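Report on the following structure.
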Amino acid sequence: MRKTQSPQTIVLDFSSPNIAKPMHVGHIRSTLLGSCLSRLHRLIGNKVISDNHIGDWGTQFGKLLLGWKKHLDEASLKQDPIGEMERLYKLVNAATEEDEAVLEAARAELVKLQAGDAENLEIWRQMVKLSQSQFDTLYSRLGISFDYTLGESFYNDNLKGVVEDLKTKAIARESEGAYVVFFDNIPELASNPAIIQKRDGAFNYATTDLATLAYRVENWKPDQILYVTDGRQQLHFKQVFTIFNRWKGNAKVKLEHIWFGTILGGDGKPFKTRSGEVIKLSDLLDEAEERALAVVSEKNPDLPEDTRKNIARVVGIGAVKYADLLPSRQSDYQFNWDKMLAFNGNTAPYLLYAYARIRSIFRKSQEEFSYSFEPDSIEENQLLFTAPQELTLAKHLFSFGIILEQVAEDSRPNILCNYLYDLAGLFASFYENCPVLKASEPEKLSRLTLCHLTAKVLRMGLETLGLETLEEM
RNA sequence: GCGCCCGUAGCUCAGUUGGAUAGAGCAUCUGCCUUCUAAGCAGAGGGUCUUGCGUUCAAAUCGCAACGGGCGUACCA
């Protein structure tokens with residue numbers, strides 16, 4: 001595998017959770033896909049700037065502020081900040097539906113916040129801080145980090161200028177009291193104008209995204225910006241990209257919306273709890289680890305508890321990640337615990353097992369056979385293909401680089417998943433048919449080399465997908 | 001209405017820069033553990049690739065149309 005000859009700077013926009021709300025299943029595809037693409041591009045030699053565009057500004061803060069001031073429960077805020085903020089929001093939201101005065105009060109809080117009121121800003125900062133620490137806990141559990149976390153609020157001061165600029169350049173014009181961009185020359189968008197300033201003077205997400213885009217282009221000078229979001233936002237990004245190109249026609253940046261489908265429950269409808277609530281990401285990961293622990297304990301009860309728990313963590317989290325990256329990105333997929341934690345089929349446990357089996361061979365080679373294998377001394381010409389399985393495996397190994405390029409080109413990690421599944425299958429076949437440690441030289445060295453290369457590729461591939469590997473399971 | 005996506009084995013899905021007998025897992029059936037982890041391997045059965053027309057030496061794949069489903073579509077993001 002070679003690094004790319006012409007490294008590109010790529011901005012990756014993904015995850016983007018909202019302040020004062022728990023991260024839930026709706027965030028996992030963006031988060032996992034985005035972080036996978038981020039690792040992949042770094043691996044093949046591109047420069048990646050990952051930016052978490054968190055939802056830290058917007059109309060919901062009027063209700064939140066009102067709730068915070070009137071109904072805050074300090075104790076539960078300490079115990080479960082997100083839960084408490086969520087409770088406050090729901091409480092006020094329900095009250096606004098019955099009482100117009102409450103709605104007015106919430107609006108007033110929002111106006112104060114936007115005008116820079118010191119008290120409201122301070123509360124807002126606390127809400128952001130509390131939320132961010134919850135996000136960090138989850139990101140660390142998932143092994144994900146960002147280069148930047150510049151939320152919507154970061155661009156507040158630029159929004160007015162964006163609209164002014166678009167007005168003076170005659171890209172936007174007044175319509176029904178709002179400022180709007182029309183796309184009459186583009187048949188696809190002709191009946192879908194984009195509002196950049198609402199009738200009440202407020203800005204919306206198109207405006208924020210334009211300001212964000214301008215900032216990124218100006219400060220990071222990227223060759224590409226990839227937005228990893230839900231497929232339902234296709235129209236929005238078409239509009240924003242089109243406006244941006246009219247606005248900054250000279251910017252040579254490739255803008256791409258990497259969209260994905262919905263996660264469905266077993267009933268084929270969007271994945272929810274039985275009572276219709278969204279499923280919290282933390283609960284989902286807990287359940288994954290619990291289920292994995294039950295299986296590991298059943299299969300391998302003799303391992304110490306700590307070891308089993310660690311295996312369960314890697315397998316459980318890995319299973320969720322793998323199940324999310326395996327389906328073709330644009331299609332909806334059904335979330336299914338039994339399937340993702342199965343040992344048969346294209347699953348994380350199957351791949352991790354293949355890796356652990358190889359590692360076991362090398363442990364044995366040292367412990368029982370006192371055989372030292374030096375990975376540094378590998379030469380391709382020491383490979384012997386006496387059994388057909390060896391040749392098939394070797395051929396597959398050498399196509400790894402091409403696969404990575406293809407995955408990067410199309411932003412489709414499922415290609416890598418399928419490649420690794422094939423690899424693990426070919427290895428399993430080799431493993432059954434070709435004894436390694438009991439072979440004699442020079443076959444033994446050749447087979448150990450194949451094992452080593454398989455482990456290396458499996459590990460690189462799995463790590464690119466975001467999975468940890470295990471020495472034993 | 002318009003736009004985007006989808007329709008492949010009983011089920012869940014791969015296969016989308018056109019290429020040989022269309023693949024996997026589950027489910028059903030048959031073998032293989034005193035041999036490097038059987039969380040595995042070897043094998044069997046199961047498909048008019050929604051339908052029709054077209055392009056091509058060649059179509060699950062490209063084009064058009066129909067039927068069926070999901071989503072989006074001016075002041076949420």
Side-chain angles (χ1 to χ4, degrees), chain A residues 16 18 26 53 55 57-60 152 175-182 187-209 229-236 238-239 257 259-262 264 266 268-270 295-296 298-300 311 315 326-336 338-339 341-354 356-365 367-369 389 406 409-410 412 414-415 417-418 421-422 424-425 427-439 444 447-448 451 472-473:
Chain A
S16 314
N18 294 313
H53 191 65
W57 201 254
T59 49
Q60 75 272 27
E152 291 169 358
S175 170
E176 297 175 30
Y179 279 92
V180 183
V181 178
F182 289 91
E188 214 182 327
L189 295 177
S191 58
N192 297 96
I195 289 176
I196 56 164
Q197 185 169 21
K198 301 195 284 187
R199 201 176 320 173
D200 64 4
F203 307 108
N204 62 8
Y205 72 135
T207 332
T208 313
D209 275 354
T229 81
D230 197 280
R232 285 172 293 195
Q233 293 182 42
Q234 285 176 89
L235 176 61
H236 166 69
K238 271 181 198 159
Q239 292 174 330
H257 181 206
W259 62 271
F260 52 83
T262 310
L264 307 173
K269 291 181 182 158
V295 180
V296 174
E298 187 204 335
K299 297 280 180 191
N300 237 332
I311 292 171
V315 171
L326 174 64
S328 174
R329 157 163 72 75
Q330 284 148 336
S331 56
D332 299 343
Y333 78 92
Q334 289 200 9
F335 193 92
N336 185 323
D338 293 334
K339 243 173 139 168
L341 286 165
F343 317 109
N344 304 322
N346 198 346
T347 66
Y350 180 80
L351 296 179
L352 293 171
Y353 176 62
R357 273 174 136 185
I358 302 174
R359 298 303 303 154
S360 172
I361 290 176
F362 284 101
R363 269 200 307 280
K364 274 230 159 82
S365 81
E367 288 165 13
E368 288 181 24
F369 293 75
Q389 289 86 356
Q406 199 187 339
E409 178 63 32
D410 302 340
R412 292 165 54 118
N414 72 309
I415 295 171
C417 294
N418 289 325
Y421 177 56
D422 289 341
F427 177 78
S429 187
F430 159 82
Y431 182 91
E432 296 289 330
N433 290 286
C434 307
V436 178
L437 296 174
K438 285 174 183 161
K444 184 176 186 175
R447 288 180 176 173
L448 275 166
C451 287
E472 61 174 344
M473 63 185 280

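Chain letters run A, B, ... following the sequence lines, proteins first, then strands; residues in each count from 1. All values derive from a computational prediction rather than experimental measurement.
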Spacing of the C1' atoms in rC53(B) and rU12(B) (rounded, Å): 32 Å

Touch class at under 4.0 angstrom, heavy-atom based, for Ser16(A) against every strand present: nothing

rC11(B) to rG52(B) separation - C1' atoms, rounded to the nearest Å: 28 Å

Spacing of the P atoms in rA66(B) and rG1(B) (rounded, Å): 10 Å

Polar side-chain atom of Asp332(A) near backbone of Gly261(A) as donor-acceptor pair, under 3.5 Å: no

Pairwise 5' ranking along RNA chain B for His236(A) and Leu437(A), keeping only the more 5' one: Leu437(A)

Sugar-phosphate, base or nothing in reach of Gln60(A), heavy atoms under 4.0 Å: nothing

Contact boundaries on RNA chain B for chain A, cut-off under 4.0 Å to non-hydrogen atoms: rC4(B) to rA77(B)

Touch class at under 4.0 angstrom, heavy-atom based, for Glu368(A) against every strand present: nothing

Residue closer to the 5' end of RNA chain B, Leu264(A) versus Ile311(A) (nearest nucleotide): Leu264(A)

Sugar-phosphate only, base, or nothing, as touched by Asn346(A) at under 4.0 Å among non-hydrogen atoms: nothing

Touch class at under 4.0 angstrom, heavy-atom based, for Thr208(A) against every strand present: nothing

Sugar-phosphate, base or nothing in reach of Asn300(A), heavy atoms under 4.0 Å: base

Touch class at under 4.0 angstrom, heavy-atom based, for Arg412(A) against every strand present: base

Sugar-phosphate only, base, or nothing, as touched by Ser429(A) at under 4.0 Å among non-hydrogen atoms: sugar-phosphate

Glu472(A) and Ser360(A), any side-chain heavy atoms less than 4.5 Å apart: no

Side chain proximity check, Tyr431(A) to Val436(A), heavy atoms < 4.5 angstrom: no

Atom P, compared across rC36(B) and rG31(B): separation rounded to whole Å: 23 Å

Sugar-phosphate, base or nothing in reach of Phe369(A), heavy atoms under 4.0 Å: nothing

Touch class at under 4.0 angstrom, heavy-atom based, for Arg199(A) against every strand present: base

For Arg357(A), all residues meeting salt bridge (Lys or Arg N to Asp or Glu O under 4.0 Å), sequence neighbours excluded: Glu432(A)

Separation of the P atoms in rC62(B) and rU16(B), to the nearest angstrom: 10 Å

Validation row: Glu368(A), Leu437(A) side chains within 4.5 angstrom (heavy atoms): no

Rounded distance in Å between the C1' positions of rC49(B) and rU8(B): 4 Å

Nearest-angstrom distance, P atom, rA22(B) to rG47(B): 12 Å

Pairwise side-chain contact, Ile361(A) with Leu448(A), heavy-atom cut-off 4.5 Å (strictly under): yes

Sequence-distant partners of Arg359(A), side-chain hydrogen bond (donor to acceptor under 3.5 Å, both in side chains), two or more places apart: Glu471(A)

Sugar-phosphate, base or nothing in reach of Phe427(A), heavy atoms under 4.0 Å: nothing

By salt bridge (Lys or Arg N to Asp or Glu O under 4.0 Å) - contacts of Arg232(A) (at least two apart): Asp230(A)

Sugar-phosphate, base or nothing in reach of Ala342(A), heavy atoms under 4.0 Å: nothing

Chi class for rC33(B): syn within 90° of 0, otherwise anti: syn

Same-atom distance (P) from rU51(B) to rU34(B), integer angstrom: 50 Å

Secondary-structure string, 5' to 3', Watson-Crick or G-U under 3.5 Å, | for another-strand partners, for RNA chain B: ((((((((.[[[[.)...(...]]]].(((((.......))))).....[[[[[..)....]]]]])))))))....

Those residues that, when tested against Tyr421(A), pass ring pair (Phe, Tyr, Trp, His ring centres under 6.0 Å) (two or more places apart): Tyr350(A)

Touch class at under 4.0 angstrom, heavy-atom based, for Cys417(A) against every strand present: nothing

Heavy-atom side-chain proximity of Gln334(A) to Pro327(A) below 4.5 angstrom: no

Sugar-phosphate only, base, or nothing, as touched by Ala178(A) at under 4.0 Å among non-hydrogen atoms: base

Any side-chain heavy-atom pair of Phe427(A) and Cys451(A) under 4.5 Å: yes

